[in-house]
Amino acid sequence: MAAVATIRRRPQLSRAQRREFFFGVLFASPWLIGFFLWTVFPILSSLYFSFTRYDLLQPPVFIGLTNYTNLATDNDFFLVVWNTLWWVVLSSPLGVGSAFLMAVLLNTRIFARSAFRAIFFFPSIVPIIVVSSVWAFVLNIQFGAINATLRAFELPTIPFLSSPDVVKPTLLMIHMWMQGGAMVIFLATLQDVPRELYEAATIDGGGSWARFWNITLPMCSPVILFNMVMAFIGGFQNFALPWLLTQGGPNRATEFFALFLYRNAFQYLRMGKASALAWVLFIVIVIFTVTLFRSSARWVYYRSE
Amino acid sequence: MGEKRFNRRDFLRLSMVAAGSAALAACTTAPAPSGQSPQASDDTGAAPVTSAPPQAEGGVISYWLFWNQYADAVKVFQPILQARVAPHTIDIKTGVNAEEVFLTAVAAGTPPDIGTGHHYIDYMSKGQAIEVGDFVATSSTLKPENFTPAAWNGQFYQGKQYGVSGIEAFVRRGLNYNTKLVEEAGLDPDNPPVTWPEMLEWHRKLTKFDGAGNLQQIGYDPTDAEGGLFATSDGSFLPDSWGFEWFDNGSRTFNIDNPMMAEGLETLAEFVKIIGPDNLTGLRSVEGQGTWGGSYNSGVQAMIVEGYWHPGETFHEKPEIAPLNRATWIPVPEGRRGRKVQFGGGHMVFLYKGAKNPAEWAWPVAEFLNTKEHCDAVYNSVGWLPDFKPYVEAVDASPYPGLDFYIKSVREADEWHHPLWCEIETFVSRKYNEYFEKVYRGEMTGADAAAALQQDAEKEWREAGYA
């Protein structure tokens, strides 16, 4: 088949096709310009700044890998890494798990199902600042609704947000309460699971647990993977809730990676160090995401395969 | 099909026309700044031929401040200032966020001409503030003898003057207490505590719990307001009280790991231990939402270390608490009994790098800040004072109970402190709070915390490139 080995030439575009291409690029150019200006350029800039000493107000000074190597002797860095890993490892599966559980329950024929779906979804559309303010007042040790009730019965109060031992589980609880977005995605997936699979399993004598384990879970596994990836990324970037509710306290128990990065960038004006932290975070997120994708071959089922 | 359709070609033509029109529109004259009227065109539609009004010769002087409270005063003095700076237009912005807006504008090279936006040390040390020594030399009012030496010295960084004292710049150390709560606790408001052991005794009697052990009232909160400050433009309370400087500006070295610092941390931690660390965090996050002095003004905190502004602000924000307020000297260790400690300096205005014609535009604004018109507007609406002696010595302090102490303190103080201007003060300030929390939670001793803070400060100093 020697004829096949002839040199392939790029097909010549006709005049009309060239015009079409030109206008295609022209019309996409607002987005393209924005993408290069506001995404690609900052990413590359932050990479450069991570090798510099840069305080925003003076030109950056190149210092090589110093910002990275200094992290190895930075006790604060290890503290925030520990806090962040604690958060990611627990919040991701618990968040996704609670969303999936809510979706499964709300996919059954229960009384006022639509109303419950709206109620469970509602927290995810409330602005985080409102969520934080409401929970601050609900959980406050002095005047929060829960502790006020305990006080009324002369019971000891619970330091939800003011004890280093309790604050992380408290944030975890709020995080799980805010899983309406993931729940809706699961709900849509559950409604897409073919009924005949359940009917066949029932005919074969499969009980409700067997149907859940052998049908519901595998059929939803691609969406579980998606939500897990998003949860991991969101977990590593956790900022708004701890910043608004605890400012990293008490006793630095909620000082997560993103808070540490923010402090270095905008409070200490250590933009070079903050850029290095951002790149470390990026690499860690990539490693976690790739690992998760690699593991998905064992537990994610795609109908098309 | 004879029907006229709007095809792609038509759409492109229309887009070109629209884009061309937009480009032409963008090239037309910008609208006049506020305070100027646009020039009228004649009936023929030709370009106006009338001579420009005087305002057109001037520009816009931008003056930014981070305070929100200042807005009421602006309404009063802006017309007077406007008349002074004519033919220019004064554009005042209050409540400008010191980080997201002010710092960003300075970093981007688009700062205001003049303003107050925190980050004093950053702007001075990183070349963003204009040196004003030459302007001051020609001024008839901004002279050292018209200001307290501590406040005047606080406007200098490495021998050069960058700041101008003007707004909210009076003295910043005083123990304020609520006489009603003090009397209810069986204490004598005419004999306030002068040492830390006495202060602790008052604190014990003024801190109250309910039957279930839940906190109801705080005596003194050592994390609140100026009492909680360390390494800021408003100074460091613990070193002021214990009588040392944590940073030596001459040798550029830290002096944190010392017995006084250790003792101070241990002493202040005792106050929190009585309250309960978790209780303190909880109370402060609701009573005033963690704001500066919020618990005192809510009537659930009996004592607070604050600057001279406290009587005035309390009067305007909580008129029912203000008459109960009284002020005295800050407590000192037993070994320093009788020392009368005061702090001068704090806020000042800068002329920012890139200010348009600073000598003729922004500098007159800086001078205006110490005039009676401006000071009256600010004092009457917020209760703030400048450090300008001719004004302060003549002011009527009677509307604001407690303010009289601060005014007298300028003559009576025998120990003065002023800002130390350490380039990494924000970092040190943050670490101080972290280590203090470890001490009052019993995780560290005062000595260990002082040593760790010194170590962290030196490491940051090196890494930030100042070593």
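The sequence lines fix the lettering, A, B, ..., with proteins before strands; numbering per chain opens at 1.
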Inspect the surroundings of CZ in A:Phe78 and state if more than 12 heavy atoms from other residues, nucleotides or ligands are less than 6.0 Å away.
-> yes
In terms of heavy-atom pairs under 4.5 Å with chain B, which of A:Thr73, A:Asp74, A:Asn147, A:Leu161 leads?
-> A:Thr73
OG1/B:Thr426 to CG/A:Leu269 distance, rounded to the nearest 0.5 angstrom?
-> 7.0 Å
Go through the atoms of B:Glu425 and report whether side chain, backbone, both or neither lie under 4.5 Å from a heavy atom of chain A.
-> neither
Would you name the heavy atoms of A:Phe266 and B:Glu99 that are closest together and state the gap between them?
-> O-CG, 3.8 Å
Test item: A:Leu57 and B:Tyr123 side chains (from C-beta on) under 4.5 Å apart, heavy atoms | yes
B:Lys273, NZ: over 12 other non-hydrogen atoms inside 6.0 angstrom | yes
Return the option, out of B:Gln128, B:Lys353, B:Lys431, B:Glu434, with the maximum number of heavy-atom pairs under 4.5 Å with chain A.
-> B:Glu434
Contact part of A:Glu255 toward chain B, heavy-atom cut-off under 4.5 Å: side chain, backbone, both or neither?
-> side chain
Any chance CZ of B:Phe209 has more than 12 other-residue heavy atoms, nucleotides or ligands included, within less than 6.0 Å?
-> yes
With a 4.5 Å cut-off on heavy-atom pairs, point out which of B:Asn214, B:Asp210, B:Val106, B:Ile424 contacts chain A the most.
-> B:Asn214
Given a strict heavy-atom distance threshold of 4.5 Å, which part of A:Leu56 is in contact with chain B: side chain, backbone, both, or neither?
-> both
Spacing of CD belonging to A:Gln267 relative to NE2 belonging to B:His119, to within rounding of 0.5 Å | 8.5 Å
Give a yes or no on whether a salt bridge exists between B:Glu443 and A:Arg252, defined as a side-chain N under 4.0 angstrom from a carboxylate O.
-> no
To the nearest 0.5 Å, what is the distance between CD1 (A:Ile158) and CG (B:Asp278)?
-> 12.0 Å
Looking at A:Pro159, A:Pro250, A:Pro156, A:Gly248, which one has more heavy-atom pairs under 4.5 Å with chain B than the rest?
-> A:Pro250
Rounded to the nearest 0.5 Å, the CG atom of B:Asn433 sits from the CG atom of A:Asn251 at a distance of 12.0 Å
Pick from A:Arg53, A:Gln247, A:Arg270 with the largest number of heavy-atom pairs that fall under 4.5 Å of chain B = A:Arg270
What is the distance from atom CG of A:Asn264 to atom CD of B:Glu460, rounded to the nearest 0.5 Å?
-> 7.0 Å
Is the number of heavy atoms from other residues, nucleotides or ligands under 6.0 Å of A:Phe41 CZ greater than 12?
-> no
Which region of A:Leu155, side chain (C-beta onward) or backbone (N, CA, C, O), has a non-hydrogen atom less than 4.5 Å from a non-hydrogen atom of chain B, or is it both or neither?
-> backbone
Closest heavy-atom pair and its distance - B:Arg441, A:Pro164 = NH1-CD, 3.2 Å
Using a cut-off of under 4.5 Å on heavy-atom pairs, state which of B:Lys438, B:Arg430, B:Lys459 scores highest against chain A.
-> B:Arg430
May I ask you to check whether over 12 heavy atoms, not counting those of A:Tyr48, lie within 6.0 Å of atom OH?
-> yes
Portion of B:Ser429 that has a non-hydrogen atom of chain A nearer than 4.5 angstrom | neither
Rounded to the nearest 0.5 Å, how far does CG of B:Leu215 lie from CD1 of A:Ile141?
-> 8.5 Å
More than 12 foreign heavy atoms under 6.0 Å from CD of B:Glu270: is that the case here?
-> yes
Non-hydrogen atoms of chain B under 4.5 Å away: do they reach the side chain of A:Thr66, the backbone, both or neither?
-> neither
